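As a basis for the values below, the full set of heavy atoms in this structure was taken, side chains included, without hydrogen atoms, waters or symmetry mates. These numbers were taken from a predicted model, which means no experiment stands behind them. Every chain is numbered from 1 and lettered A, B, ... according to where its sequence line falls, protein lines coming before strand lines.
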Amino acid sequence: MLEELAASHDIAREILDWRAMMKLKGTYVDALPQLVHQKTGRVHTTFNQAVAATGRLSSSDPNLQNIPIRTELGREIRGAFIADPGHVLISADYSQIELRVLAHMAQEQSLIDAFRRGDDIHDQTSAKVFGDNSGLSAHELRRRAKIINYALLYGKTAFTLAKDIGVTQQAAQEFIDAYFAGYPSVRRFIDETIAKARDTGVVSTLFGRRRRVPELTSRNGQIRAAAERVTVNLPIQGTAADILKRAMIDLHEVLPSIPGLRMILTVHDELVFEAPEATADEAAALVKHHMEHAVPLDVPLDVDVGVGRTWKDAKA
DNA sequence: CCTGACTCC
DNA sequence: CATGGGAGTCAGG
């Protein structure tokens, strides 16, 4: 509501800005320094292996998987995470891993081809959904296409899509129809995944991680619809989690080949390492290679690697 | 202990 | 009538 009011009343924006700043102060600026361990001089999180139903890890006490990055002010928090003297932090994250998993599992040829060519997938979706006669900037078209790419395969409806990208519900429905017309195998994958899970009561990742979804046969339409969204999400998010875990295992094995190289954090599609400055480039190449070759898919996996003294600098 | 609002992928 | 998935922390009540 305040977001809507902000367009016409300055006080609404002021309230939202104040809340965001208080959140940064309370959750990060005030709290994290108190959690620095006496002997190690570091903050140590707990990674929970049996919390998230998709196979992801979660992080708590403190949660180091929700350190701000979206806004410039929030991103400053990452500048406080600093490598030991003589060392650097290496941040390596999978580029669009869930869309690549989708391309592989749905066997959607136009997505597979695009990833093999190295095309920008959001631009391709923009062309399929919006055409090229909308009058909007390429940047705005790409932003909307990105929302569609990540939302539709999990069951987002025209109602919320319309709110997200600022169009009428009727227009949003036309975009959704155009998306599935352009990616017919994605439609088929969604339908077949739900049908099989309804018959068996279980849905699985590419590597066999299972989640029970008994609500698929509920007579309550809302409960059933929610279960269908969970069912479609699990193979995508869960397979991506499996891939990252395999990469972590592989990298754990080869870490000793570079003295002083340490794995220090995982954030769903990202791994953070600490390495001696002298072997930083060698370590970055090793990390990138093992992440990109953790599993064989019909599309390439692409990893972006950054090096810096702080976590903030390593992501740039 | 719960809710809403904020943070992340 | 309700309206993408997965998480954690904080303040306030």
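- Taking both residues in full, the closest heavy atoms of A:Arg78 and A:Ile67 are given as NH2-O, 2.7 Å, listed atom of the first, atom of the second, then distance.
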Below 3.5 Å, can you tabulate the donor-acceptor pairs from side chains in residues 247-256 of chain A to any protein atom, sequence neighbours excluded?
none

In B/S/- notation (B base, S sugar-phosphate only, - none; protein heavy atoms under 4.0 Å), nucleotides 1-9 of chain B written 5' to 3' is ----BBBSB
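- Nucleic acid contact for A:Asp93: none, since no nucleic acid atom lies under 4.0 Å from a heavy atom of the residue.
- The side chain to side chain donor-acceptor pair (under 3.5 Å) search around A:Lys196 returns none, not counting sequence neighbours.
- Among the atoms of the strands shown, none is found under 4.0 Å from any heavy atom of A:Val232.
- When DNA chain C is scanned in the 5' to 3' direction for atoms under 4.0 Å from non-hydrogen atoms of chain A, the outermost contacting nucleotides are C:dA2 to C:dC10.
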For residues 232-245 of chain A, dump all side-chain donor-acceptor pairs below 3.5 Å to protein atoms at least two apart in sequence or in another chain.
from, atom 1, to, atom 2, distance (Å)
A:Asn233, OD1, A:Gln237, NE2, 3.4
A:Gln237, OE1, A:Thr54, OG1, 2.8
A:Gln237, OE1, A:Arg56, NE, 3.4
A:Thr239, OG1, A:Leu206, N, 3.0
A:Thr239, OG1, A:Pro235, O, 2.5
A:Asp242, OD1, A:Arg209, NE, 3.0
A:Asp242, OD1, A:Arg209, NH2, 2.9
A:Asp242, OD2, A:Thr205, OG1, 2.7
A:Lys245, NZ, A:Gly55, O, 2.8

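- Two residues, A:Thr160 and A:Ala31, neighbour DNA chain C, and the one matched to the more 5' nucleotide by heavy-atom proximity is A:Thr160.
- Residue contacts for A:Ala53: at a heavy-atom cut-off of 4.0 Å it reaches the sugar-phosphate backbone alone, with no base atom in range.
- Separation of the P atoms belonging to C:dT3 and B:dG4 is 13 Å when rounded to the nearest angstrom.
- For the side chain to side chain contact (heavy atoms under 4.5 Å, CB included) criterion with A:Leu89, the lone passing option out of A:Ile264, A:Asp84, A:Ile82, A:Leu265 is A:Ile264.
- Under a 3.5 Å cut-off, the side chain of A:His290 and the backbone N or O of A:Leu286 do form a donor-acceptor pair.
- Of all non-hydrogen atoms in A:Ala172 and A:Leu161, the two that sit nearest each other are O-CD2, 3.9 Å.
- Closest of all the heavy-atom pairs between A:Lys288 and A:Val303 is NZ-O, 2.7 Å.
- Non-hydrogen atoms lying under 4.0 Å from DNA chain C are contributed by A:Arg211, all within residues 197-215 of chain A.
- Side-chain N/O atoms of A:Ser126 and A:His122 include no donor and acceptor closer than 3.5 Å.
- Separating the CG atom in A:Leu271 from the OH atom in A:Tyr94 is a distance of 7.0 Å, to the nearest 0.5 Å.
- Between the side chains of A:Tyr28 and A:Glu76, no donor-acceptor pair is found at a separation under 3.5 Å.
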